[in-house]
2 protein chains.
Amino acid sequence: MKQFKIDDVAKETGLTKRTIRYYEEIGLIKPPERSEKGTRLYTEEDIERLKKVIAAREVLGFSLQELQQFLTLKETIEAHHRDYRNATDKEQKQQELKEIAAGVREQIDMLEQKMKKMLEWKKELKQLHEKIQAILEEQ
Amino acid sequence: MKQFKIDDVAKETGLTKRTIRYYEEIGLIKPPERSEKGTRLYTEEDIERLKKVIAAREVLGFSLQELQQFLTLKETIEAHHRDYRNATDKEQKQQELKEIAAGVREQIDMLEQKMKKMLEWKKELKQLHEKIQAILEEQ
DNA sequence: TGTAACATTAACGTTAATGTTATATTTATA
DNA sequence: TATAAATATAACATTAACGTTAATGTTACA
């Protein structure tokens with residue numbers, strides 16, 4: 001499995017090295033492997049995660065904290081699934097899952113609302129564009 | 001024309017008074033009228049503008065500076081239109097309009113890209129939700 | 001008309017998200 | 001193997017977007 005140093009990752013993602021270390025510091029990405037002497041060694045997977053973070057940040061306008069919750073939902077689920085069967089406290093596990101599901105529904109709703117508003121903005125912008133064209137063609 | 005004081009506006013919009021003054025300070029909204037003694041007096045129109053600012057901020061995840069450009073495009077156009085006919089420098093006016101049109105197209109493209117990515121996120125979230133349901137129904 | 005509830009400006013404080021600089025190691029290359 | 005280039009930690013700096021506080025003036029009403 002190929003490994004990358006922080007500068008490679010920076011070039012690949014467009015983030016600065018400082019930012020990458022910061023994202024690690026606040027727990028937005030998991031600490032990567034280290035060489036014997038301490039150099040960070042990233043995998044493709046780590047880079048994918050970072051790209052997801054960037055996409056979400058840009059697209060959703062989330063704060064990094066919100067992002068963190070958002071991005072770990074999936075992993076939380078998978079963890080739950082693993083120990084769901086052999087859990088002694090099924091009741092509680094079930095409750096937790098229900099809460100997570102509610103959170104996911106909330107996120108979906110939010111996305112839908114945002115998309116709706118974006119459509120309205122787009123409409124306005126299109127009208128604006130047509131208006132400009134009209135003026136220009138007036139001669 | 002009815003006038004509102006800053007606290008009314010704050011309650012109506014959900015912003016704090018500090019924030020409203022700040023938005024004025026950075027030029028995101030135009031300075032409202034003042035009473036003889038200096039009290040800010042807002043019109044319905046001012047409030048509408050603020051609500052637009054809020055919507056755009058929440059939905060588009062723009063910085064306030066980006067917002068400013070975005071929101072003034074329309075007004076810029078109308079100003080142009082007014083003095084387009086009786087302009088002596090039609091050439092230049094036309095050039096300016098073309099640049100604005102390009103800016104608008106850029107914004108539209110950006111919106112479309114964002115919406116596309118949001119759709120992807122939504123899809124993922126829906127899958128996640130289904131997965132949780134499946135686990136819960138496993139018993 | 002007093003006083004409580006608001007308004008104003010001004011200045012300093014705070015938090016998130018980095019940028020910058022310094023100092024010390026590590027790694028790559030001539 | 002020397003030295004240049006990259007990495008690491010740490011600490012201080014900066015910017016946006018407000019919050020908070022202080023000092024002072026204004027408006028509403030009992």
Side-chain angles (χ1 to χ4, degrees), chain A residues 1-44 46-47 49-72, chain B residues 1-44 46-47 49-72:
Chain A
M1 174 174 60
K2 218 193 156 194
Q3 314 224 88
F4 305 86
K5 299 217 281 184
I6 197 163
D7 201 41
D8 305 328
V9 179
K11 272 165 191 154
E12 178 71 19
T13 59
L15 300 173
T16 67
K17 291 180 274 187
R18 173 69 172 89
T19 299
I20 296 170
R21 294 197 192 97
Y22 176 68
Y23 283 4
E24 177 186 337
E25 187 184 326
I26 64 171
L28 195 52
I29 56 177
K30 69 172 215 296
E33 297 291 299
R34 297 279 188 134
S35 80
E36 207 171 323
K37 294 298 187 179
T39 302
R40 269 168 261 249
L41 299 172
Y42 297 88
T43 67
E44 291 277 6
D46 292 329
I47 296 179
R49 165 83 178 199
L50 261 178
K51 285 186 178 170
K52 277 215 154 189
V53 168
I54 296 165
R57 186 192 60 180
E58 282 173 359
V59 173
L60 306 179
F62 281 1
S63 76
L64 296 182
Q65 287 206 11
E66 287 169 317
L67 267 186
Q68 199 165 347
Q69 292 178 24
F70 189 87
L71 285 165
T72 45
Chain B
M1 174 174 60
K2 219 192 155 194
Q3 314 225 86
F4 304 86
K5 300 216 278 184
I6 197 163
D7 201 42
D8 304 328
V9 179
K11 272 165 192 156
E12 178 70 19
T13 60
L15 300 173
T16 67
K17 292 181 274 187
R18 173 68 172 92
T19 300
I20 296 170
R21 294 198 191 98
Y22 175 67
Y23 283 2
E24 178 186 337
E25 187 184 325
I26 64 173
L28 194 53
I29 55 175
K30 68 172 216 296
E33 299 289 300
R34 297 279 189 135
S35 80
E36 207 171 324
K37 293 298 187 179
T39 302
R40 267 168 263 249
L41 298 173
Y42 297 88
T43 68
E44 292 277 6
D46 292 329
I47 297 180
R49 165 82 178 199
L50 262 177
K51 284 186 179 171
K52 277 214 156 190
V53 168
I54 297 166
R57 186 192 62 180
E58 283 173 358
V59 174
L60 306 178
F62 281 1
S63 76
L64 296 183
Q65 288 204 10
E66 288 169 316
L67 265 187
Q68 199 166 347
Q69 292 178 24
F70 189 87
L71 285 166
T72 45

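Bear in mind the structure is a predicted one, so any value in this text is a computation, not a measurement. First the proteins, then the strands, lettered A, B, ... as listed; each starts at 1.
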### Query
Are OP1 or OP2 of C/dA7 and a side-chain N or O of B/R40 less than 4.0 angstrom apart?
no

## Note on the structure
Residues at least two apart in sequence or cross-chain that pass side chain to side chain contact (heavy atoms under 4.5 Å, CB included) with A/R21, listed by chain then number, are A/I6, A/K17, A/R40

### Query
Over how many whole Å does the gap from A/E24 atom CD to D/dT9 atom C1' extend?
12 Å

### Query
Which distance, rounded to the nearest 0.5 Å, do you find between the CD1 of A/I47 and the CZ of A/F4?
4.5 Å

### Message
Whole angstroms only, please: what is the CD-P distance between A/E33 and D/dA8?
### Response
14 Å

### Query
In degrees rounded to 10°, what angle is found between the helical axes fit to the five outermost pairs at each end of the helix from C/dT1-D/dA30 to C/dA30-D/dT1?
10°

### Task
In whole angstrom, give the distance that lies between atom NZ of A/K17 and atom P of D/dA8.
8 Å

### Query
CG of A/L41 versus P of D/dA6: gap in Å, rounded?
17 Å

### Task
Return the set of residues passing side chain to side chain donor-acceptor pair (under 3.5 Å) with A/R57 (not counting sequence neighbours), or none when no residue passes.
A/Y23

### Query
In whole angstroms, how far is the P atom of C/dA17 from the CD1 atom of A/I54?
14 Å

### Query
Considering all heavy atoms of both residues, which atom of B/T16 and which atom of B/A10 are nearest to each other, and what is their separation?
C-CB, 4.4 Å

### Message
Just the rounded figure in Å: distance from C1' of D/dT27 to CD1 of B/I6.
### Response
16 Å

### Message
For the CZ atom of A/R49 and the CD1 atom of A/I54, what is their distance to the nearest 0.5 Å?
### Response
12.0 Å

### Query
B/R34 CZ to C/dC6 P: how many Å, rounded?
19 Å

### Message
With side chain to side chain donor-acceptor pair (under 3.5 Å) as the rule and sequence neighbours excluded, what pairs involving residues 3-15 of chain B come up?
### Response
B/D7-B/K11, B/E12-B/K51

### Task
Rounded off to whole Å, could you give me the CZ-to-C1' distance for the B/R21 and C/dT9 pair?
9 Å

### Query
Between the main-chain N or O of B/Q68 and the side-chain N or O of B/T72, is there a donor-acceptor pair closer than 3.5 Å?
yes

### Message
I'd like to check the side chain to side chain contact (heavy atoms under 4.5 Å, CB included) partners of A/I26; sequence neighbours left out, ordered by chain and number.
### Response
A/Y22, A/L28, A/L64

### Query
Between residues 7-14 of chain A and DNA chain D, which residues have a heavy-atom gap below 4.0 Å?
A/D7

Could you pull out every donor-acceptor pair under 3.5 Å between side chains of residues 29-36 of chain B and any protein atom, sequence neighbours left out?
from, atom 1, to, atom 2, distance (Å)
B/K30, NZ, B/D46, OD1, 2.8
B/R34, NH1, B/G38, O, 2.8
B/S35, OG, B/K37, N, 3.2
B/S35, OG, B/G38, N, 3.3
B/S35, OG, B/T39, N, 3.1

### Query
Which is true for A/I26 with a 4.0 Å heavy-atom rule: it touches a base, it touches only sugar-phosphate, or it touches nothing?
nothing

## Note on the structure
Nucleotide by nucleotide, nucleotides 18-30 of chain C touches protein heavy atoms under 4.0 Å in the pattern (B base, S sugar-phosphate only, - none) BBB-----SSS--

